[in-house]
Amino acid sequence: MSHRFFMHPLSSDQRWNNLKAGVNGVDSRFKLCGTKRKAEGSFHTGTPTFLENPFCAHDNVHAHTNVKETNFGQDLSMSPFYDQCYSSVLDNPASSPSNLLKLSNNPFGQRKMQRTLSMPQTTVGDNSLLDGVDVTIRRVNSTNSFPKLRFRDHVWTYTQRYLAAEAIEDAILETGPTKHEGNVDGMHLVQLLISCAEAVACRDKAHASNLLVELRANALVFGSSFQRVASCFMQALTDRIALVKPLGAVGLVTPAPNLNSIGSEKKEEALRLVYEVCPHIQFGHFVANLTILEAFEGEKFVHVVDLGMTLGLPHGRQWRSLLESLANHHGQSLRRIRITAVGPCVNRFHIIGDELEAYAHELGINLEFSHVESSLETLKPEDIKTYENEVLVVNSILQLHCVVKESRGALNSVLKIIHELSPKVLVLVEQDSSHNGPFFLGRFMEALYYYSAIFDALDAMLPKYDTRRAKVEQFYFAEEIKNIVSCEGPSRVERHERLDQWRRRMSRAGFQAAPVKLVAQAKQWLAELKVCEGYTIVEEKGSLVLGWKSKPIVAASCWKC
């Protein structure tokens with residue numbers, strides 16, 4: 001990579017001092033507190049107090065406050081700070097991309113707000129961040145507990161915004177075209193996407209619609225890898241803005257699940273192509289099968305409970321591989337294997353079960369296949385039949401994140417049922433990303449970075465005009481993006497979380513980590529798969545993580561009661 005944003009000509013200390021100088025120009029009592037950014041430039045979109053725009057943090061703030069005067073509007077892009085930060089790049093595309101970010105490379109930690117009854121009108125000096133721009137601060141006589149918005153809060157918000165944008169732009173420079181012109185176009189798309197997401201978050205439909213027009217002209221379905229992922233986010237933002245109520249209305253988004261959903265046949269075909277093209281699902285199956293084989297070592301009666309059966313992937317691919325391994329290594333001791341599929345796809349499970357039983361018969365294995373017609377949220381302990389002297393294993397491939405809700409009740413109920421079954425091991429494979437934060441803009445930024453890595457991997461594996469690539473992008477990953485960005489409430493089911501968060505959830509449910517000691521076998525499997533260079537497998541705290549160029553994609557972990 002020829003240039004990285006965090007390798008700025010100014011040192012980190014200098015930029016940090018510049019930031020504090022700009023803020024101190026308004027109120028000398030104010031000091032920011034935080035921690036320095038990690039050296040490797042890892043992307044961080046947590047949920048700090050002011051990650052969301054302070055202007056729209058509370059929908060009905062004017063109903064509770066008496067605003068005496070203001071020069072700030074609801075539209076983020078109309079602020080002087082926005083114009084000054086963008087003008088250097090937009091007016092001069094040939095300039096260095098790093099001119100966009102001159103604040104700091106250090107994400108802020110949590111800090112306490114000093115609160116006063118009001119703030120006087122303040123003009124920023126020449127040595128500040130705004131360089132002489134006159135800014136009038138709101139005077140607010142609050143009658144409730146809402147925090148008062150002060151200049152430092154606006155600086156905090158914009159700093160968080162550009163630190164997040166920096167990580168995505170850094171990824172574009174790292175994975176995008178080698179020509180400088182292509183990098184500038186990619187950064188311009190980042191600016192458009194973030195500005196549009198902020199306008200949507202503030203329910204500014206007019207400004208968001210104008211930005212979407214420009215996005216449609218630049219985000220090409222058959223363009224570069226980032227243009228293609230930008231087209232998916234553009235579609236998702238279009239869906240969300242169509243549901244947004246105007247300012248002053250109660251509520252943000254009207255419930256409309258499955259908006260512009262594609263046909264089931266296209267989804268099934270896209271799932272099959274994802275399995276064949278990308279190593280994500282195959283990685284989960286590989287780790288799960290090796291773990292299950294180890295748990296079944298020397299046992300006569302074994303039982304696998306499969307949650308979702310990998311979204312109904314045709315032919316029961318995971319279990320065909322397991323049956324072959326059982327026939328080769330445990331054929332003499334194994335007396336019977338039972339597989340129970342849990343999920344609403346009854347017709348599909350019938351077909352898969354018949355195929356697996358026929359295949360097991362050819363291998364000389366006694367297989368009993370059954371299914372439970374139930375979603376995970378409505379699953380009951382008595383739905384799953386267990387026998388004495390039977391070793392039980394629970395398999396969950398990309399399933400449990402769908403029952404993660406705002407409250408932990410649904411997931412805790414499922415985990416409690418699994419715990420009551422007393423499985424010898426629970427195999428958990430999930431996307432390793434934070435797409436379930438409380439703020440829309442934070443989820444948007446994290447999803448943009450995550451799926452940019454996936455689309456970059458597809459660009460390395462398949463030609464630009466390959467129809468398989470287009471189907472995978474538009475009928476599988478684009479559907480996930482739409483659900484994360486455009487849906488809220490019960491209709492938002494793609495609630496991916498990081499591995500650390502899953503560790504906490506599983507520990508609270510009474511499970512103990514069972515370290516996965518398969519890193520050597522997994523690396524050998526990846527080399528034999530010959531997908532393309534760029535995929536990596538690392539061990540992280542007893543779990544295995546599949547990544548693309550150091551960006552985590554899928555994590556596999558094992559748990560015992």
Side-chain angles (χ1 to χ4, degrees), residues 1 40-43 167-168 170-178 224-226 228-229 232 270-291 310-311 313 317-318 321 397-398 401 427-435 446-464 466 468-473 476-478 480-481 496 498-499 502 516-558:
M1 184 178 64
E40 66 269 22
S42 61
F43 183 72
I168 297 178
D170 183 44
I172 293 174
L173 287 180
E174 185 174 333
T175 62
T178 55
S224 65
S225 63
F226 191 76
R228 297 164 86 108
V229 73
C232 297
L271 175 63
R272 176 181 57 82
L273 290 173
V274 168
Y275 182 85
E276 296 174 355
V277 172
C278 304
H280 308 166
I281 300 177
Q282 294 186 52
F283 166 75
H285 287 177
F286 174 80
V287 176
N289 282 357
L290 287 185
T291 304
T310 316
L311 307 173
L313 189 68
R317 297 173 183 264
Q318 177 181 1
S321 176
I397 309 292
L398 309 181
H401 71 267
V427 181
L428 177 66
V429 179
E430 288 290 345
Q431 294 90 338
D432 190 10
S433 191
S434 180
H435 299 153
E446 180 73 18
L448 183 59
Y449 189 47
Y450 177 81
Y451 287 100
S452 296
I454 291 180
F455 276 58
D456 180 55
L458 290 170
D459 187 61
M461 291 185 290
L462 296 173
K464 178 181 293 188
D466 193 311
R468 296 177 300 166
R469 178 180 174 185
K471 290 178 179 179
V472 166
E473 292 173 344
Y476 186 82
F477 291 117
E480 288 187 353
I481 293 171
H496 311 143
R498 293 196 182 280
L499 184 57
W502 279 110
V516 181
K517 301 177 182 179
L518 302 172
V519 62
Q521 296 95 313
K523 289 183 177 180
Q524 182 180 357
W525 165 84
L526 183 62
E528 294 175 353
L529 199 60
K530 296 180 180 179
V531 183
C532 69
E533 295 183 359
Y535 278 105
T536 59
I537 293 179
V538 297
E539 183 178 1
E540 180 183 329
K541 298 179 181 178
S543 303
L544 292 186
V545 180
L546 174 72
W548 172 256
K549 294 181 179 178
S550 75
K551 170 63 181 176
I553 302 296
V554 177
S557 58
C558 296

>> Show, in sequence, the C-alpha distance, side-chain angles and deciding distance for Tyr275 and His280, and conclude whether the ring pair (Phe, Tyr, Trp, His ring centres under 6.0 Å) test is met.
In response: CA-CA 7 Å; Tyr275 182 85; His280 308 166; over 10 Å; no
>> Just verifying a value: how many Å separate Tyr476 OH and Leu311 CG, rounded to the nearest 0.5 Å?
In response: 5.5 Å
>> I need the minimum non-hydrogen distance between Pro279 and Trp525, along with the two atoms involved.
In response: O-CH2, 4.0 Å
>> Is there a side-chain contact (heavy atoms from CB on, under 4.5 Å) between Leu526 and Lys523? Walk through the geometry before answering.
In response: CA-CA 5 Å; Leu526 183 62; Lys523 289 183 177 180; 5.6 Å; no
> How far apart are the C-alpha atoms of Gln318 and Gln282, what are their side-chain angles, what is the distance that settles it, and do they pass the side-chain contact (heavy atoms from CB on, under 4.5 Å) test?
Replying inline: CA-CA 8 Å; Gln318 177 181 1; Gln282 294 186 52; over 6 Å; no
> At what distance, to the nearest 0.5 angstrom, does SG of Cys278 lie from CD1 of Ile553?
Replying inline: 9.5 Å
> Thinking salt bridges, do Glu446 and Arg498 make one under a 4.0 Å N-O criterion?
Replying inline: yes
> Where do Val472 and Ala270 come nearest, in terms of heavy atoms and distance?
Replying inline: CG2-O, 4.4 Å
> Would you call Leu271 and Leu313 a side-chain contact if the rule is heavy atoms closer than 4.5 Å?
Replying inline: yes
> For the residue pair Thr536 and Ser550, what are the closest heavy atoms and their distance?
Replying inline: OG1-N, 4.3 Å
>> Tell me the closest heavy-atom pair linking Ser543 and Leu499, and the distance in Å.
In response: CB-CD2, 3.6 Å
> Between Thr310 and His285, do the side chains contain an N or O donor and an N or O acceptor separated by less than 3.5 Å?
Replying inline: yes
>> Quick check: closest heavy atoms across Val287 and Ala556, and the distance to 0.1 Å?
In response: CG1-CB, 3.9 Å
> Can you tell if the side chain of Cys232 reaches within under 4.5 Å of the side chain of Phe455, non-hydrogen atoms only?
Replying inline: yes
> Quick one: NZ on Lys471 to CZ on Arg272, what's the gap to the nearest 0.5 Å?
Replying inline: 8.0 Å
> Do Phe286 and Thr291 pass the side-chain contact (heavy atoms from CB on, under 4.5 Å) test, and can you show the C-alpha distance, the side-chain angles, and the key distance before you say yes or no?
Replying inline: CA-CA 9 Å; Phe286 174 80; Thr291 304; over 6 Å; no
> Are side-chain heavy atoms of Glu480 and Gln431 found at a separation under 4.5 Å?
Replying inline: yes
> Just by modelled atom types, is the His401 backbone N or O under 3.5 Å from a matching donor or acceptor in the Glu430 side chain?
Replying inline: yes
> Which atom names give the shortest non-hydrogen contact between Trp548 and Cys532, and what distance separates them?
Replying inline: CZ3-SG, 3.6 Å
> side-chain contact (heavy atoms from CB on, under 4.5 Å) between Val531 and Val277: does it pass, once the steps are laid out?
Replying inline: CA-CA 8 Å; Val531 183; Val277 172; over 6 Å; no
>> With rounding to the nearest 0.5 angstrom, report the CG to OG distance, Asp456 to Ser224.
In response: 10.0 Å
> Measuring from Phe226:CZ to Ser452:OG, what's the distance to the nearest 0.5 Å?
Replying inline: 4.5 Å
>> Quick check on salt bridge (Lys or Arg N to Asp or Glu O under 4.0 Å): which of Arg469, Lys464, Arg228 does Asp459 satisfy it with?
In response: Arg469
> Below 4.5 Å, heavy atoms only, C-beta onward: do Leu398 and Ile281 meet side chain to side chain?
Replying inline: yes
> Taking the six-membered ring for Trp, are the ring centroids of His435 and Tyr451 within less than 6.0 Å of each other?
Replying inline: yes
> When rounded to the nearest 0.5 angstrom, what distance separates CG in Asp466 from CG in Leu458?
Replying inline: 10.0 Å
